[in-house]
Amino acid sequence: MVLESLVARRVSGLLARLAAVEPVIALHGPRSVGKSTVLRGLALEAGGSVLDLDDVDVREAVAGNLAAVVARATPLFVDEYQRVPDILDAIKARLNREGSLPGTAVITGSTRQDALPATAQALTGRLHSLTIWPLSQGELAGVRENLLEGLARDPAAMVAQAPASTTTRADYVERVCAGGLPLALRRTGAARARWFDDFVRASIERDALELSRIRERQAMADLLAFLTAQTGQLLNVSRAAEAIGVSRATVEGHLRLLEDLFLVVRLPAWGSTLRSRVSVKPKVHVVDSGLAARLLRLTPEKLAGLDPAALTEFGHLLETFVVGEVRKQASWLDEPVTLGHWRTSDGAEVDLVIEYDDGTVIAFEVKANERATAPDFRGLTQLRDALGERFAAGIILTTGTRSFTYADRLHVMPIDRLWTPLTLQPVPESLPIS
């Protein structure tokens, strides 16, 4: 899979809509994920220009003339604002003078805004943060994914209407190892591997050190390697500290930094109040399955075999891939949702739980097999029975070809249903649109 042209991003439309109602929009995401391209597109539509603070000359000019720069015509477009974090205070001063007018500024950053201690509270209540994740499979295919929208409306219909899948295991392996970072997808083979290596090196040696001024560069790299080996699994901070030979406090600090730089994502435990024996440990996922595959030195050729080691490694990568794809779709929904995983002390688990604001729950279990067997439904069945009517659907995603209903509100779908859109029936006006 090689990316040969620019890809339309789903987040662009959401960003434009939010900019019409919010004073300041901050678009955050990993390095090289496409933030600058999205921002330039929005600026072009608005007839404005972008201040690129990655450019040394621009950065120095802005740092020395903050008040004048921020007084420019609305909206103000700033790329990589963390290079001059004081610009947030300048924007706040303008809002104080002129009022919190919608569309005052759109800014992008490769770290979360709250990772900048001196300015973290500068725009509290006036800044809406939006995350842009790596390219989704639907974006790469030029289609509009709507699985979450359809499941929220009528899960049974989404299953019944789904066509048979033609995606093979080899296809899934290729997609998982490619990931969704645009610049990586523009390369193949050794060139792609070198790009991933440079991406990690720049993130740790430049971004991480600039953010925290830490000197433990090797410990940071070792922690990322350890977490990658645990992708899709429960996070054990004490075990990580022991493995890399640092304190638990150091691991916690470095882990937060890796999250701030969008290299890893913690998937929190969900439903801890549902039963006393539900796990409270989060899972950890590398932000991009292609990056994870490279860090683990796994290639499609290595994963092509059916030996137990290859199956286990592919299973964890596949879960990270699927969770990432669902997270992307969730980030485009107009309605905010909560994502987590569910696991009990006796081993019942669900890989991904999505809870809507009204309490409705949709759950996913990921299997690297072509078939889903009765034991595979254990976690979904327990969660359904515990939630009652709140449980809308439980889906086992497999590498097989068929979609079908297994039992009450429990279904099986091929993984590629995530990026195979179906026509949704209009919702009657008397019903809310999710």
Side-chain angles (χ1 to χ4, degrees), residues 1 134 136-137 140 145 147 159 162 164-180 227-234 265 267 283-329 339 341-343 347-354 362-381 383 393-404 406 410-420:
M1 180 184 297
S136 74
Q137 297 302 302
L140 289 169
E145 303 105 313
L147 180 62
V159 174
S165 170
T166 59
T167 304
T168 66
R169 185 179 188 276
D171 293 333
Y172 285 124
V173 168
E174 179 64 33
R175 289 175 184 270
V176 167
C177 290
L227 296 175
T228 302
Q230 305 300 311
T231 192
Q233 302 174 59
L234 291 179
V265 181
L267 183 66
K283 278 189 172 184
V284 64
H285 289 280
V286 177
V287 74
D288 180 73
S289 63
L291 174 61
R294 175 54 190 165
L295 287 168
L296 293 170
R297 299 301 188 261
L298 295 175
T299 64
E301 293 74 25
K302 287 183 180 179
L303 293 173
L306 296 179
D307 64 280
L311 289 173
T312 298
E313 291 168 335
F314 179 58
H316 293 317
L317 280 177
L318 187 64
E319 182 179 335
T320 285
F321 171 80
V322 168
V323 169
E325 290 299 306
V326 175
R327 184 188 294 112
K328 295 165 193 175
Q329 293 190 34
L339 274 62
H341 78 95
W342 189 72
R343 184 185 181 95
E349 63 179 324
V350 175
D351 293 329
L352 183 62
V353 177
I354 301 177
I362 295 172
F364 294 93
E365 183 70 15
V366 184
K367 297 297 178 185
N369 301 323
E370 296 178 2
R371 298 177 57 194
T373 61
D376 295 330
F377 286 92
R378 179 188 174 199
L380 291 172
T381 300
L383 186 59
I395 314 292
I396 290 186
L397 294 170
T398 74
T399 58
T401 62
R402 296 178 54 231
S403 296
F404 61 91
Y406 170 81
L410 301 179
H411 315 280
V412 174
M413 287 183 173
I415 291 170
D416 66 6
R417 277 294 295 109
L418 287 166
W419 58 89
T420 306

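- Taking Thr420 as the reference, Pro163, Asp416, Arg417 meet the side chain to side chain contact (heavy atoms under 4.5 Å, CB included) condition, with sequence neighbours excluded.
- The shortest distance between side-chain heavy atoms of Leu303 and Glu313 falls below 4.5 Å.
- Panel note: side chain Thr231, backbone Val286; a donor-acceptor pair is recorded below 3.5 Å.
- Residues Phe404 and Val412 are in side-chain contact: their nearest non-hydrogen atoms beyond the backbone lie under 4.5 Å apart.
- Of all heavy-atom pairs between Ala363 and Val350, the closest is CB-CG1, 3.7 Å.
- Of the possible donor and acceptor atoms, one in the side chain of Gln329 sits under 3.5 Å from a partner among the backbone N and O of Leu418.
- If you take NE2 on His316 and CG on Leu296, they are separated by 10.0 Å, rounding to the nearest 0.5 Å.
- Shown here are the side chain to side chain contact (heavy atoms under 4.5 Å, CB included) partners of Glu370, two or more places apart in sequence or in another chain: Thr399.
- What you find for Pro414 and Gly400 is that their closest heavy atoms are CB-O, 3.4 Å.
- At least one donor-acceptor pair closer than 3.5 Å links the side chain of Asp288 to the backbone N or O of Gly180.
- Between Leu352 atom CG and His285 atom NE2 the span is 7.5 Å, to the nearest 0.5 Å.
- Residues satisfying the side chain to side chain contact (heavy atoms under 4.5 Å, CB included) test with Thr299, not counting sequence neighbours, are Glu301, Lys302.
- Listed here is the closest heavy atom pair of Thr228 and Leu295: OG1-CD1, 3.2 Å.
- Closest heavy-atom contact between Ser165 and Thr167: OG-N, 3.1 Å.
- Atom OG1 of residue Thr320 and atom CG of residue Leu267 lie 9.5 Å apart, to the nearest 0.5 angstrom.
- Interatomic distance, NE2 of His411 versus OH of Tyr406, reported as 13.0 Å (0.5 Å rounding).
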Audit row: Val159, Met413, side chain to side chain contact (heavy atoms under 4.5 Å, CB included) steps and yes/no:
CA-CA 7 Å; Val159 174; Met413 287 183 173; 3.3 Å; yes
Could you please spell out the steps behind the side chain to side chain contact (heavy atoms under 4.5 Å, CB included) verdict for Arg327 and Val265?
CA-CA 11 Å; Arg327 184 188 294 112; Val265 181; 3.5 Å; yes
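- Residues Ile415 and Tyr172 are in side-chain contact: their nearest non-hydrogen atoms beyond the backbone lie under 4.5 Å apart.
- When every heavy atom of Ser403 is checked against every heavy atom of Ala162, the shortest pair comes out as OG-CB, 3.4 Å.
- Atom CG of residue Asp376 and atom CZ of residue Arg378 lie 11.5 Å apart, to the nearest 0.5 angstrom.
- Across all non-hydrogen atoms, the minimal contact from Ala304 to Arg169 is O-NH1, 3.7 Å.
- Salt bridge Glu319/Lys283: present, at least one basic N to carboxylate O contact under 4.0 Å.
- Atoms CD and CG, from Glu365 and Leu410 in turn, are 11.5 Å apart once rounded to the nearest 0.5 Å.
- Put simply, the side chain of Leu140 does not reach to within 4.5 Å of the side chain of Arg175, judged on heavy atoms.
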